[in-house]
Structures are given as C-alpha cells and as structure tokens.
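So the structure is just underneath, and the comments pick up after that.
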Protein chains: 2
Amino acid sequence: MTATEQDQFNSVDYNDPMVNRILDAGEQCIHRFGIRRTAMGEVARVGKLSRGSIYRYFADKEALVSGVFQRRQALYLNRTEAALEKLPTLVDKLTHSVVSGRQDMAEGIFASLAETEPETVAMMFLEPSFYQRSVSFWPPHIELAKREGEIGAAIDIETATDFIMRLAVSLVTFPDMGLNLKSRKDIRRYLQQVVSRGLG
Amino acid sequence: MTATEQDQFNSVDYNDPMVNRILDAGEQCIHRFGIRRTAMGEVARVGKLSRGSIYRYFADKEALVSGVFQRRQALYLNRTEAALEKLPTLVDKLTHSVVSGRQDMAEGIFASLAETEPETVAMMFLEPSFYQRSVSFWPPHIELAKREGEIGAAIDIETATDFIMRLAVSLVTFPDMGLNLKSRKDIRRYLQQVVSRGLG
DNA sequence: AAATATACAAAAAACGATTATTGTTCATTC
DNA sequence: GAATGAACAATAATCGTTTTTTGTATATTT
C-alpha cells in the first residue's frame with residue numbers, strides 16, 4: 001500500500017472540486033436536518049452526484065460528517081490566521097479568536113445542530129481531537145510575541161500555547177463563568193490582564 | 001404560599017434522613033444502571049421506601065437526578081474546602097482542586113455514567129449552572145491571597161474568581177491541551193506560572 | 001480514469017402494538 | 001403528620017415487524 005492510498009481518507013484535498021461538492025451537500029444537509037436525519041442518498045441528491053462517488057472519497061458516513069466539520073474548522077483557522085496577521089499583539093489576536101469563535105458557534109452549522117442534536121454538539125466540544133488540531137496554530141504567534149517582548153523570554157512555547165488555547169476554548173465555550181464578558185472591549189481587557197500578568 | 005412551601009423542592013435538606021435515603025438509593029441506581037434505566041420504583045425498592053415518599057421530597061425524576069448530582073458537588077466542595085484550609089497559597093489550593101476534581105471525574109458516579117450515557121455527561125459538563133454553583137466558593141480564598149500579597153492588590157475579586165474557575169474547569173475537563181499535565185507537580189508548576197505572572 | 005447506476009446483504013431507522021413508568025390522588029397505616 | 005400502598009390516566013420505553021439506509025460490488029457511461 002502506497003502512502004497516497006494509505007492517506008486517501010485521512011487527508012482531504014480541498015482543491016478537488018468533487019470533494020467540495022460532496023462536503024457542500026453534506027454541510028447543507030446537516031445544517032437543515034441534523035446528522036442523524038441526513039442520509040447518504042440525500043447528500044448525493046443535493047450534490048447532484050452518485051452515492052458511489054461519495055464512498056469513493058469518504059470511507060463512511062462518519063468520515064463525511066467529520067470531513068464537513070474539519071473543513072469548517074480549517075476555514076475558521078484560515079480566516080482567523082489572515083485576520084491575525086493584521087493585529088499587533090498576542091492579546092489582540094486572542095481577543096479576535098474568541099470573538100470570531102463565539103460568532104461561528106452562534107450562527108453557523110453549530111447553532112443549527114445545537115438545536116436538533118445538542119448532545120452531539122456537546123460530545124464534539126469535549127472531544128480532545130477537536131482542539132488538538134489547533135495546537136499547531138498558535139506557536140508562531142507566540143514566538144513573535146516573545147521576540148517583540150510582549151511575553152516573557154523564559155516562557156516555553158508549549159506552556160504558552162496550552163495557556164492561550166485554554167483561555168480561548170474556555171471563553172468561547174463558557175461565555176459566563178462568574179464574569180460576564182460580552183463586548184470585545186471587556187474580553188480584551190480581561191485577556192490583557194491575565195495574559196500579561198496573571199493575577200500578579 | 002409560604003417561603004417554606006415555595007422552597008420545598010429548591011433547597012434540599014441534607015440533615016433530613018429521608019432525603020439522604022432517597023438520594024443514596026438514587027445515586028446507587030444511577031451508578032449501576034445509568035439515568036435512563038433508573039425507574040422511580042427501583043429507587044424506592046433500593047431505598048426501602050415508597051414511591052410516594054420520593055415524590056414528597058422531589059418534584060419529579062429530573063429533580064431527583066439533579067439532587068443526586070448537587071449533593072455530590074456539595075460534598076466535593078465541602079471536602080475541598082476543608083482540604084484548602086490547610087494549604088498555604090492560592091496556587092496550592094487551585095492545584096489541589098484540579099487533582100481532586102480529576103479524581104472525582106475518574107472514579108465516582110461520573111465515570112460510570114460516562115460509560116453508559118456519555119452524551120448526558122457531556123451535556124452536564126457544558127451546563128453553565130454546573131459551574132455557577134461554585135462561583136461563591138473562591139472569593140474568600142482570593143481575598144486572603146490578596147491580603148497575603150500572593151496576588152496583586154489591584155485585581156478585583158470577580159475577575160480573579162472567573163480566571164481561577166476557568167483554569168480549574170479547563171484542567172479538569174481537558175487534561176491535555178497541548179501540554180500533558182499529569183502529575184501534581186507538573187500541574188502546580190504550570191499554575192504557579194500562569195496565576196502569578198501569566199505569560200509575562 | 002472517474003462518475004454513474006444498479007443490485008445486494010447487513011445494519012439501522014421508522015412504525016405500530018404492547019408493556020412499563022411517571023406523576024397524581026387518596027384512603028389506610030404507622 | 002408523615003409514610004405507605006393502591007389505583008389511575010398520561011406518558012414513555014420496549015418489542016417485533018416493516019421499511020429505509022448503509023456500505024460494497026460490479027457492470028455501464030462519460
């Protein structure tokens with residue numbers, strides 16, 4: 001078995017128009033009916049392609065579903081990455097991630113799924129792999145903040161990444177944990193404090 | 001309606017032996033069969049009391065179930081409170097909370113429920129009220145740390161409480177967020193860093 | 001070479017009938 | 001006065017059956 005064959009279902013090629021047609025149709029169906037009530041035949045009908053083609057690109061329904069969400073996440077990370085480049089500080093970047101993360105949860109496929117299958121959304125949120133995919137996202141920004149002197153030179157990248165991700169995940173998943181951080185301004189002030197000085 | 005009648009199902013009296021017999025039986029059933037497969041009749045049988053008595057103390061099955069978990073949480077908070085008194089610093093206290101929180105999740109009613117009804121556990125974890133009950137737990141410890149000079153005098157209690165709780169919840173719920181904080185020593189070092197200095 | 005269409009057994013969902021559980025009431029017992 | 005036990009309609013779970021969907025294979029089309 002070659003490396004390409006081995007990876008055929010693991011890494012999805014977002015340049016392949018067929019892949020995107022399938023994912024588009026899949027996302028549309030999940031958005032409208034939820035995961036449980038989405039049949040592969042319906043995805044095929046919506047995407048105007050054959051059921052067989054779907055199985056050529058995705059091992060099974062679970063792979064398709066996870067493909068839909070992974071593409072969403074990749075899209076979020078790409079959009080965020082682009083936006084972060086224009087922001088001066090790590091705190092600004094983190095603030096932006098939290099605000100746009102909340103937006104995504106409130107309006108897209110997550111919001112509709114949360115209504116029809118809240119348990120599924122809850123399971124996804126607690127799935128470690130859901131966050132692990134973002135672990136490689138932050139280090140470059142942290143290194144930059146380190147060079148610029150925004151954060152301490154002694155901090156190791158792994159610790160900083162872990163901390164930043166915990167803050168982001170926590171603030172997106174639990175908007176109110178005693179404090180009610182609603183506005184971008186409030187979120188930024190809070191993050192400025194805890195990131196740069198902790199409680200010290 | 002008097003205040004007592006009004007509160008009869010809201011606040012549970014843990015001194016009432018009947019209440020505890022019901023909660024004991026309920027917890028035992030949930031532990032063995034899960035929530036869905038636990039019938040009120042079975043709880044009555046296990047607790048050696050009548051079904052009617054249960055409904056005298058708990059409005060419905062949902063109230064009983066939430067009563068079981070609230071008692072567990074109260075127990076956890078009481079045990080933790082006692083343990084924290086002996087610990088010198090806020091960081092030590094937080095470390096202890098995380099370690100014992102993880103233990104509770106790994107062995108008690110949560111662990112068994114996670115096997116039979118993972119979606120239910122996931123939903124509970126994401127339920128804001130699950131954490132809101134602990135909001136009043138931390139402020140005294142934070143005020144003390146402030147007086148002792150462990151944390152800054154300028155920090156307001158609400159911000160510090162929010163931050164401490166986010167760290168605790170995050171570290172219990174997601175053991176590994178890039179960094180794999182396993183031992184008490186590792187957890188303590190991590191918390192020492194982020195609580196006292198953030199990334200500065 | 002990739003997409004389609006069809007066929008197929010195995011697995012899962014939908015359905016309707018049956019049984020169990022819930023939540024309430026009230027007379028009886030402790 | 002509180003706990004019990006029995007009765008009850010309404011609701012929810014279970015069960016066996018039917019129907020749909022899944023995942024695979026293969027011949028056919030683009």
Side-chain angles (χ1 to χ4, degrees), chain A residues 1-2 4-5 7-26 28-30 32-68 113 116-120 123, chain B residues 1-2 4-5 7-10 12-26 28-30 32-68 113 116-117 119-120 123:
Chain A
M1 185 183 267
T2 71
T4 323
E5 283 165 22
D7 291 353
Q8 70 176 322
F9 292 133
N10 296 333
S11 71
V12 176
D13 178 10
Y14 295 131
N15 294 320
D16 189 329
M18 190 64 65
V19 165
N20 279 302
R21 229 167 89 215
I22 297 171
L23 289 176
D24 286 344
Q28 213 176 310
C29 289
I30 293 174
R32 301 228 301 256
F33 314 122
I35 294 170
R36 262 184 45 230
R37 303 196 178 280
T38 290
M40 296 297 258
E42 181 67 8
V43 176
R45 202 188 60 75
V46 170
K48 282 168 190 145
L49 38 79
S50 72
R51 222 161 49 85
S53 294
I54 299 178
Y55 282 104
R56 166 173 282 280
Y57 290 91
F58 297 92
D60 50 26
K61 184 176 169 177
E62 193 189 309
L64 171 59
V65 170
S66 112
V68 166
L113 239 198
T116 55
E117 296 169 50
E119 338 75 30
T120 309
M123 289 293 280
Chain B
M1 183 184 268
T2 71
T4 323
E5 284 165 21
D7 291 353
Q8 70 175 322
F9 292 133
N10 294 334
V12 176
D13 178 10
Y14 294 133
N15 294 321
D16 190 329
M18 191 63 67
V19 165
N20 279 302
R21 228 166 91 215
I22 296 170
L23 289 176
D24 285 344
Q28 213 175 310
C29 288
I30 293 174
R32 301 222 309 250
F33 315 122
I35 294 169
R36 261 184 43 230
R37 300 192 180 284
T38 290
M40 296 297 257
E42 180 69 8
V43 176
R45 204 188 59 75
V46 170
K48 283 170 190 144
L49 39 79
S50 73
R51 223 161 49 84
S53 295
I54 300 179
Y55 281 104
R56 166 172 282 280
Y57 290 91
F58 297 92
D60 51 25
K61 184 175 170 178
E62 193 188 312
L64 171 59
V65 170
S66 111
V68 166
L113 240 198
T116 55
E117 296 169 49
E119 337 74 30
T120 308
M123 289 292 279

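Letters A, B, ... are given to chains in the order of the sequence lines, protein chains preceding strands, and every chain is numbered from 1.
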Mark up nucleotides 10-30 of chain C, 5' to 3', with B wherever a protein heavy atom is under 4.0 angstrom from a base atom, S wherever such an atom reaches only the sugar-phosphate, and - elsewhere. ----S------SBBB------
Taking only residues two or more places apart in sequence, or in another chain, which ones meet A:Arg37 in a side-chain hydrogen bond (donor to acceptor under 3.5 Å, both in side chains)?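 By the side-chain hydrogen bond (donor to acceptor under 3.5 Å, both in side chains) rule, A:Arg37 matches no residue at all.
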For B:Thr116, enumerate each residue passing the side-chain hydrogen bond (donor to acceptor under 3.5 Å, both in side chains) test, keeping only those at least two apart in sequence or located in another chain.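 Result, side-chain hydrogen bond (donor to acceptor under 3.5 Å, both in side chains) vs B:Thr116: none returned.
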Pairwise distance [atom1]([X]) to [atom2]([Y]) - rounded to 0.5 angstrom:
{"X": "B:Met18", "Y": "B:Leu23", "atom1": "CE", "atom2": "CG", "result": "12.0 Å"}
{"X": "B:Ser50", "Y": "B:Arg56", "atom1": "OG", "atom2": "CZ", "result": "9.5 Å"}
{"X": "A:Ile22", "Y": "A:Tyr55", "atom1": "CD1", "atom2": "OH", "result": "11.5 Å"}

Check side chain to side chain contact (heavy atoms under 4.5 Å, CB included) between B:Thr120 and all other residues, then give those that pass, not counting sequence neighbours. B:Ile35, B:Glu117
Who passes side chain to side chain contact (heavy atoms under 4.5 Å, CB included) against A:Gln28, sequence neighbours left out?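 For A:Gln28, the residues satisfying side chain to side chain contact (heavy atoms under 4.5 Å, CB included) (neighbours in sequence not counted) are A:Arg32, A:Val46.
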Output one line per pair: protein atom, nucleotide atom from nucleotides 1-3 of chain D, and distance, for all N/O pairs under 3.5 Å.
from: D:dA3; atom 1: OP1; to: B:Tyr57; atom 2: OH; distance (Å): 2.9
from: D:dA3; atom 1: OP2; to: B:Tyr57; atom 2: OH; distance (Å): 3.2

For B:Arg36, check salt bridge (charged side-chain N to carboxylate O under 4.0 Å, His left out) against everything at least two apart and list the hits. none
Between atom CG in A:Leu64 and atom C1' in D:dG23, what is the gap in whole Å? 13 Å
Any pair with a residue in residues 59-68 of chain B that passes salt bridge (charged side-chain N to carboxylate O under 4.0 Å, His left out), sequence neighbours left out, goes on the list, sorted by first then second residue, please. none
Taking salt bridge (charged side-chain N to carboxylate O under 4.0 Å, His left out) as the cut-off, I'd like each qualifying pair that reaches into residues 16-25 of chain A, sequence neighbours left out, listed once.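 For residues 16-25 of chain A, and leaving out neighbouring residues, the salt bridge (charged side-chain N to carboxylate O under 4.0 Å, His left out) pairs sorted by first residue read A:Asp24-A:Arg71.
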Angle of first-five versus last-five pair axes in the helix from C:dA1-D:dT30 to C:dC30-D:dG1, to 10 degrees: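 Between the axes fitted at each end of the helix from C:dA1-D:dT30 to C:dC30-D:dG1 lies an angle of 50°.
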